[in-house]
**Student:** 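Quick one: structure below, then a few questions.
Computed from a predicted structure; not experimentally measured. Just so it is clear: chains get the letters A, B, ... in the order the sequence lines come, proteins before strands, and each one is counted from 1.
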Amino acid sequence: MVRAGMFRLLANWRVALGGFVVLVFVVAALGAGWFSPADPLEQDLMLQLEAPSAQHLLGTDSLGRDILSRLIHGARVALAVALVAGILTALLGTALGLAAGYLGGWPDMLISRAVDIWSSFPPVLLSVILVALLGTGLHSVIVAIVVIDWTRFARVMRAETLKQRHMDYVDAAVVGGLKPGAILLREILPNVLPLFVVLLTLEMGIAVIVEAILSFVGLSLSSDVPTWGGMIAEGRQVIYQAPWIIALPMAALLALVLGLNLLGDGLKAELDPVLR
Amino acid sequence: MIVRQVLSRLLQALPTLVGVAVLVFVLVRVVPGDPIAMMIAPGASPDDIARLRGLYGLDRSIPEQFAIWAGRALAGDFGTSISLRQSVMSLVLARLPSTLELAVFATVIAIALGTALAVFGVRHRGRLGEAATDAATGFALSVPDFIWALLLMLVFGVLAPLLPISGRLDPSVDPGFVTRFYLVEALLRGRVAVAGDLVAHLLLPALALALPLAAMIGRVLKSSLAEEMLQDYVMLARVKGFSRWRIILGEALRNAAIPAVSLTGVQFTFLVGGTVLIEKIFSFPGIGNLAIDAVINRDLPLIQGLILVFALMFIVINLGLDLVYAALNPRLRHG
Amino acid sequence: MTVLDIAGLSAALHGGRPVLRDVSLVIGEGEVHGLVGMSGAGKSMVARAVLGILPAAVRLTAGAIRFQGRDLVGLDERGYRRLLGRDIALIPQDPLSALNPSRRIEAQMTDVMRLHLGLSARAARDRALVLLNEVRIRDPEAVLRRYPHELSGGMRQRVLIAISFACEPRLIIADEPTTALDVTVQQQILVMIRGLQRRHGTAILFVTHDLGVVAKVCGRMSVMHEGMVLEQGAVADIMAAPGHAFTRALFAATPRYDRPVEALAPVPAAVLADIAAAAQAFDAGRPC
Amino acid sequence: MLIDARGIRLSLPDRGRPGTLFRPAPPIEILRGVDFQVAAGEAVGIVGESGSGKTTLGRVLIRLLQPTAGTLTFAGQDITSCGEGVLRPLRPRMQMIFQNPLSSLNPRRRVRDIVAAPLLAAGIPDDGTRVTTALSRAGLGRAFEERYPHQLSGGQRQRVGIARAIVTEPAFILADEIVSGLDVSTQAQILTLLRDLAREMGLALAFIAHDLSVVRVLCDRVAVMLQGRIVEDGPCGEIFENPRHPYTRRLIRAIPLPEIDDGWLDNPEAMEEA
């Protein structure tokens, strides 16, 4: 059964292509030390802004560092943030969304009002403030993303839970004598789970972007850790002399985000039992 | 009726505004970095520092500071920027018009483009045209404004240098305008050359903001339009002998817009929030650019003032969307 | 004179699966013809074929639809636009979704008259008032100003009937026009349709799943299943002595408050199997 | 009496008029003093047109809704306003079949799990035979146990709904418009099935319908509802042959029987203006 399910999933080209792209980045990140042709931090001031060559496959940056190695090491940060921040955000937001949608009443009031207040902040500004507050570093980037983006899950999950709650099958469960906890976990949760998986992949893409934005502004990690956002910021300085320096990390960022979105889109279609 | 609705909505927004104010106040106050240390010359005496702390009220407790700040804010005084040494109010007022012009310009592009995509997709339903619009919206939706900004900058500013990639107006142009709404004033005065230069500067940042929203509008509006096209009243209109264009534009679009407005509502606030980063990337002199600098400089009064301005803009947008929603939906207007 | 003459009409899905098999029926001037069957029998498909609004996946494969002597099969969209609304009109099934929720009743009644009759806004409004009087709406002026959601289901269906008669069509397609209504409202609407039809001399193709409705308003009827017409004739004759086993089974499956409980029986599987076999034989004999 | 409802009233907030911050939505009274009884083993029809309150009454009887006034007892026990904790032990004895079989079956669960849910909740041990028996009583073989609801036809879904309702061998079942979306032939199948099950298992039924003919087939007694009240209540034979209330008379006369009757279109009540 499980194997048949996997085959069907992979038959969907979105899932297959998106999954493949994400897998390439995961492998590159896990084997960063192994795949990198050079030390990403080693400067060579004689070789600044070199165009791609046999020695430096993707050229060098303004301090003469190998760009390919920096890209591969940057993938580690991007994926770590995507995974940890994505999952934490999803769990927090989903728990609050389910509670608001299923319990109604004052918990719903409280959570919905909090979502309202949160939505009144420009998210980029809020994340910048948070990282400024927590100090730079991977953990503060992750905390910032969780604190900002839980509302995305909470809002969608609340709406979906509310919709499911008004379906007749929930009434049928009440008449069948099921306890509220069992109704939530056994009846409603399986129906909102596909949405959770889809949102999770989308949220991972968003987390990657937010990390890049923070590094771009100069607030993510210390400057001796290569990040795509930091590379983009450096490339912005020399955009006229060496446009590939900004283009390469952008391409990496774009590919990973598109891969995650494609995967999410494909899963959305596959996980719906009625569409399938 | 409408007036009462607006007042009631504003009243409901009040707690949100207060909540935002309190949250921001507390948040920036526990920032570890000391703003005073950043603004004085090295080697200042501890006495000088203490004097400055007293000047900005930083030596009091947080509730006390809040009470003082809130009292002044109600009177329209948001304090003085620590890093720029100007009144927060005048800084915001000087920069707000350019941000508003950018946001409105982007919104207009997004709505026009999104609607065109949706109508085109539905008109070419089941054919190549639909698949093409679906792919385009899917792609535009996956790419956030941050990457759009960089892509547009790279393509239209560097590889094919057609448009300027920084600032609001060419430095050599001095319009000598009385308001800060340059584009509005240029159009009203008929200064075509200035307006053209302003639009050229606006185009890339506005597109970067507009494309994700346009894709969102396109997708949501297309699916609700496609759903409307299955309704019996559309079939009845066909059976009455009306043309397909007349049916889409005259019958279905308005009804399709109702769910689209509520579903894309959040995205409009994302657009305004997005100005923060886009202005930074394009060195556009608006309040977003100001805000990032304010955070990096720990400029507390300025941060507070700016966040409240943003919160206010969000509230106004939501109110506007509610009114549009009510205007489109006769069920909310009558009975 | 014959208004509608459907001859040997067949239709199939793109994949080749037939949905209509050699359907023929003739409707004379001022005649009400009931098309009855269960869901999926193909009766709505016949109605849609006449109106030229078949689903995109369905194609006509054989036969003719002659309206006042002119074949509508292959007529282009422009030709249909001149015909629909003026010469052929529709009374739809669901009065809730058949009126545009964001347009006032006045706009939805007058647009068709302005399009086909070239009436001015004023003249169209006057005619709309006359029509609303005909469907016995008490305060027509007020109704014209309303939006659909401000009217009851019965009122909406009256408005839709008024719209269908607006341009004095020769033929009206009534597609389950009372299925969504309460039984007392259904009676009012049926009485009204029959009355208007008599006064205006309009022919009606009346699609319904309800044998009772056919008995009350139709003169002739066709019983359909699996895209085939199984029995056709005068309603009085068929009610008195149904000829086809399926028709008899349909009567037996319809619950009646005046019959004993034991009289109720589902359509026997053998009857359905016979029809399926006939359909297969037809498909084999005439490949599409 | 198995079910005994007296003076039931129920007001709900008017969903058509959402309240504002200052003025909550005004409640509208949906049930205005309903007396309704079902004896053990008896099948009672509740008929009425849309908006008559028949569905709401059903939801009160099964205690998905709590009445604002009146008393409701089940097998002698007062359940007017008790909490779900008190109701839970009673649930196996009072079950419900829903109007929309698709939305009342959880799309993510297999037929077997759907039918087994009430057993599990009641703590009734089952090695699968109870579920299989219930399904076979409802006319579905073992092959259906592994399927998901969207893989079934409309009639089969409704049979699953019936199997779920009878699996705990209840004393009372509420059936809310359970044949309104079905073809006449499927409708006849479901009606005869339910009639046979009720006789065989000694079930009491409350059968809500808008179609009087359907009620006639299944029920011993019928209650006619109009605007939140029961206007007439009696044995089917009496009510259909000799209706006393003018509304009942009109309701019956409006039914189009499949036979020629030229007078039906001349009914003066049908000529009213709207």
**Student:** Looking at every heavy atom in both R254(B) and S102(C), which two are closest together, and how far apart are they?
**Tutor:** CD-OG, 3.2 Å

**Student:** So, for D111(C) and K240(B), which heavy atoms are closest and what is the spacing to 0.1 Å?
**Tutor:**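 Shortest heavy-atom separation between D111(C) and K240(B) comes out as OD1-NZ, 3.1 Å.
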
**Student:** Answer with side chain, backbone, both or neither: which region of L96(C) has an atom nearer than 4.5 Å to a non-hydrogen atom of chain B?
**Tutor:** neither

**Student:** Does any heavy atom of chain B fall under 4.5 Å from the side chain of L99(C), the backbone, both, or neither of them?
**Tutor:**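 The answer is the backbone of L99(C).
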
**Student:** Under 4.5 Å heavy-atom distance to chain B, tell me which part of I173(C) shows up: side chain, backbone, both or neither.
**Tutor:** neither

**Student:** Say you draw a straight line from CZ of R244(B) to CZ of R81(C); how long is it, rounded to the nearest 0.5 Å?
**Tutor:** 9.5 Å

**Student:** Which region of L90(C), side chain (C-beta onward) or backbone (N, CA, C, O), has a non-hydrogen atom less than 4.5 Å from a non-hydrogen atom of chain B, or is it both or neither?
**Tutor:**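 For L90(C), the contact with chain B is made by backbone and side chain together.
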
**Student:** Are there residues of residues 228-235 of chain B whose heavy atoms fall under 4.5 Å of chain C's heavy atoms? If so, which?
**Tutor:**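 So far as heavy atoms go, Q231(B), D232(B), Y233(B), M235(B) are the residues that approach chain C to under 4.5 Å.
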
**Student:** How close do L84(C) and V239(B) get, heavy atom to heavy atom, and via which atoms?
**Tutor:**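 Nearest pair, atom of L84(C) first, then V239(B): CB-O, 3.0 Å.
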
**Student:** Between Q93(C), R103(C), Q108(C), who has the most heavy-atom pairs with chain B when the cutoff is under 4.5 Å?
**Tutor:**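 The option with the most such pairs is R103(C).
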
**Student:** Please flag which part of E77(C) lies under 4.5 Å from any non-hydrogen atom of chain B: side chain, backbone, both or neither.
**Tutor:**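 When you check distances to chain B, only side chain atoms of E77(C) fall under 4.5 Å.
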
**Student:** Hey, is CZ on R122(C) packed in by over 12 heavy atoms from elsewhere, all under 6.0 Å?
**Tutor:** no

**Student:** Should we count CD of E168(C) as having more than 12 external heavy atoms under 6.0 Å?
**Tutor:** yes

**Student:** Below 4.5 Å, heavy atoms only, C-beta onward: do N100(C) and L236(B) meet side chain to side chain?
**Tutor:** no

**Student:** Provide the closest heavy-atom pair for P101(C) versus N255(B) in the form atom of the first, atom of the second, distance.
**Tutor:** CG-OD1, 3.5 Å

**Student:** Do you know which of A98(C), A166(C), G85(C) has the most heavy-atom pairs with chain B at a distance under 4.5 angstrom?
**Tutor:**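 Max contact count across the listed options: A98(C).
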
